[in-house]
There are 2 protein chains.
Amino acid sequence: MKRGKIWRQANPTDPAFSPETSPFFHLSRLVGLYHLRMDAHLKPIGMDVPRWRVINILHEHECATISTIADLAVIRVSTMTKLVYRMEGERLVSTAVSSTDGRVTEVRLAEKGRNALDQVRSKAGLIFERAFHDIEDADIQTFMTLTRKIYDNIY
Amino acid sequence: MKRGKIWRQANPTDPAFSPETSPFFHLSRLVGLYHLRMDAHLKPIGMDVPRWRVINILHEHECATISTIADLAVIRVSTMTKLVYRMEGERLVSTAVSSTDGRVTEVRLAEKGRNALDQVRSKAGLIFERAFHDIEDADIQTFMTLTRKIYDNIY
DNA sequence: CCAAATAAGTGGAATAATCAACTATTCCAT
DNA sequence: ATGGAATAGTTGATTATTCCACTTATTTGG
């Protein structure tokens with residue numbers, strides 16, 4: 001059986017569809033809850049989920065444009081512009097106009113942003129532990145592979 | 001191997017952690033993109049993702065309190081209060097104070113909300129098709145089971 | 001090489017989400 | 001019965017996001 005009963009019920013156009021049989025409903029719910037939990041941990045240290053994602057991306061990229069960050073974080077460019085400048089005001093990142101292309105703004109982690117990274121990772125670690133404590137490697141692998149595949153499908 | 005290399009790299013406190021090895025990063029990204037795609041389809045028919053989730057839940061429950069909907073959709077109660085009354089203003093739902101408990105507000109789908117459901121499901125169907133066209137039953141099943149398990153772990 | 005097209009980002013008004021403080025109702029333990 | 005705790009929701013101030021029109025910079029086709 002390839003695309004049988006499960007697939008049909010997961011399809012919103014099917015009469016048997018319901019939130020319970022919908023992968024996207026479950027996904028949205030999980031991510032929503034994850035964000036709630038993260039926010040609860042991050043608020044006390046003056047951080048939040050969008051900022052954390054930016055910091056994480058900049059940790060990987062050292063120097064990225066506003067568009068690149070927006071794209072990686074899947075946040076609209078104008079939202080990211082404002083977020084980046086808020087974060088610059090908080091000394092978490094620094095910005096500079098590119099020397100080779102006057103349109104682009106290069107963003108990089110500032111000292112304070114690098115410090116925040118460690119703090120936030122320890123908080124994120126708590127939630128990760130709780131979420132994945134009874135899930136083994138093979139399942140995490142499968143899960144990420146599928147997530148990635150679905151992402152690519154709708155990209 | 002139960003909790004080996006994959007698990008370690010997925011843990012934000014591990015030195016080898018990165019967005020690429022993080023299940024939550026992939027998840028957030030997928031859901032973010034899904035919401036972007038849905039919004040693009042829903043906007044032209046005067047709908048959006050939060051409204052759609054409420055409508056879907058009410059289709060399942062016939063009559064639900066604001067807290068119940070907020071809980072199922074993982075949205076804060078005060079946000080849901082405002083959303084519900086916006087939706088009532090748009091004649092998508094109706095509200096009434098419970099006859100047995102004066103504190104609770106019972107929400108149900110209105111005529112217009114039921115009509116919207118069909119329209120929105122056909123839009124959601126397009127994205128579902130695109131997202132899952134090459135993913136078979138067994139994988140959808142696994143995926144939903146894991147999603148549910150992680151959700152329960154952090155609930 | 002220049003005009004048109006494209007790309008990157010910005011700014012402001014409108015909309016929505018969040019926080020915290022508050023009201024009203026019900027529950028429950030004396 | 002009744003006063004305190006808990007539950008359900010509301011409201012207003014604050015903050016964040018979104019839309020969209022616009023500017024400036026680069027690229028490209030003729």
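In what follows, every heavy atom counts, from backbone to side chain, and hydrogens, waters and symmetry copies are set aside. Protein chains get the first letters and strands the later ones, always in sequence-line order, with residue 1 at the start of each.
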Given 3.5 Å as the limit, does a donor-acceptor pair link the side chain of T79(A) with the main chain of I75(A), or not?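 Flag not set: sc T79(A) to bb I75(A) has no pair under 3.5 Å.
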Main chain of A73(B), side chain of R53(B): is a donor-acceptor contact present, judged purely on distance under 3.5 Å?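 Judged by distance alone, yes, a pair lies under 3.5 Å.
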Want to know the stems of DNA chain D: at least 3 consecutive Watson-Crick or G-U pairs with distances under 3.5 Å, which are they?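 Detected stem regions: C:1-30 with D:1-30.
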Under 4.0 Å, counting only non-hydrogen atoms across every strand here, what does T79(B) touch: a base, just sugar-phosphate, or nothing?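 Base, at least one base heavy atom under 4.0 Å.
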What is the separation between atom [atom1] on [X] and atom [atom2] on [N], rounded to the nearest whole Å?
| X | N | atom1 | atom2 | result |
| --- | --- | --- | --- | --- |
| M80(B) | dT10(D) | CE | P | 12 Å |
| I66(A) | dA25(D) | CD1 | C1' | 15 Å |
| R86(A) | dT14(D) | CZ | P | 17 Å |
| E106(B) | dA8(D) | CD | C1' | 13 Å |
| I69(B) | dT10(D) | CD1 | P | 11 Å |
| M87(A) | dA16(D) | CE | C1' | 14 Å |
| R103(A) | dT23(D) | CZ | C1' | 13 Å |
| R76(B) | dA16(D) | CZ | P | 13 Å |

Establish, for the pair R121(A) and F17(B), whether the NZ or CZ atom is under 6.0 angstrom from the six-membered ring centre and no further than 45 degrees off its axis.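 No - R121(A) does not lie over the ring of F17(B) by the 6.0 Å and 45° rule.
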Donor-acceptor pair under 3.5 Å: do we get one between K82(B)'s side chain and the base of dG9(D)?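 Side chain to base: no pair present.
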In terms of heavy-atom contacts, does NE2 of H61(B) have more than 12 from other residues, nucleotides or ligands at under 6.0 Å?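 Counting neighbours around NE2 of H61(B), more than 12 heavy atoms of other residues, nucleotides or ligands fall under 6.0 Å, so yes.
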Phosphate OP1/OP2 of dA8(D): any S78(B) side-chain N/O under 4.0 Å: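 S78(B) to dA8(D) OP1/OP2: no side-chain N or O under 4.0 Å.
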Whether E106(B) and R108(B) form a salt bridge (side-chain N of Lys/Arg under 4.0 Å from carboxylate O of Asp/Glu) is what I want to check.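 A salt bridge is present here (some side-chain N lies under 4.0 Å from a carboxylate O).
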Thinking salt bridges, do R91(B) and E111(B) make one under a 4.0 Å N-O criterion?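 Answer for the salt bridge query: no.
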Please tabulate, for side-chain N and O atoms in residues 122-133 of chain B, each donor-acceptor pair with protein atoms closer than 3.5 Å (sequence neighbours left out).
residue: S122(B); atom: OG; partner: Q119(B); partner atom: O; Å: 2.9
residue: R130(B); atom: NE; partner: N153(A); partner atom: O; Å: 3.3
residue: R130(B); atom: NH2; partner: I154(A); partner atom: O; Å: 3.1
residue: R130(B); atom: NH2; partner: Y155(A); partner atom: O; Å: 3.4

For T81(A) and D48(B), take the nucleotide of DNA chain C holding the closest heavy atom to each; which residue's nucleotide lies nearer the 5' end?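 Taking each residue's closest nucleotide, the earlier one in sequence belongs to T81(A).
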Cut-off 3.5 Å, side chains only: do T68(B) and T65(B) have a donor facing an acceptor?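 Yes, side-chain donor-acceptor contact under 3.5 Å.
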Does D39(B) or R51(A) map to a spot on DNA chain D nearer the 5' end, using the closest nucleotide for each?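 The 5'-side residue here is R51(A).
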List the steps and the verdict of salt bridge (Lys or Arg N to Asp or Glu O under 4.0 Å) for D152(B) and K149(B). CA-CA 5 Å; D152(B) 289 338; K149(B) 193 168 176 184; over 6 Å; no
Going 5' to 3' along DNA chain C, which are the first and last nucleotides with any atom under 4.0 Å from a heavy atom of chain B?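 For DNA chain C, the relevant span reads dA16(C) to dT26(C).
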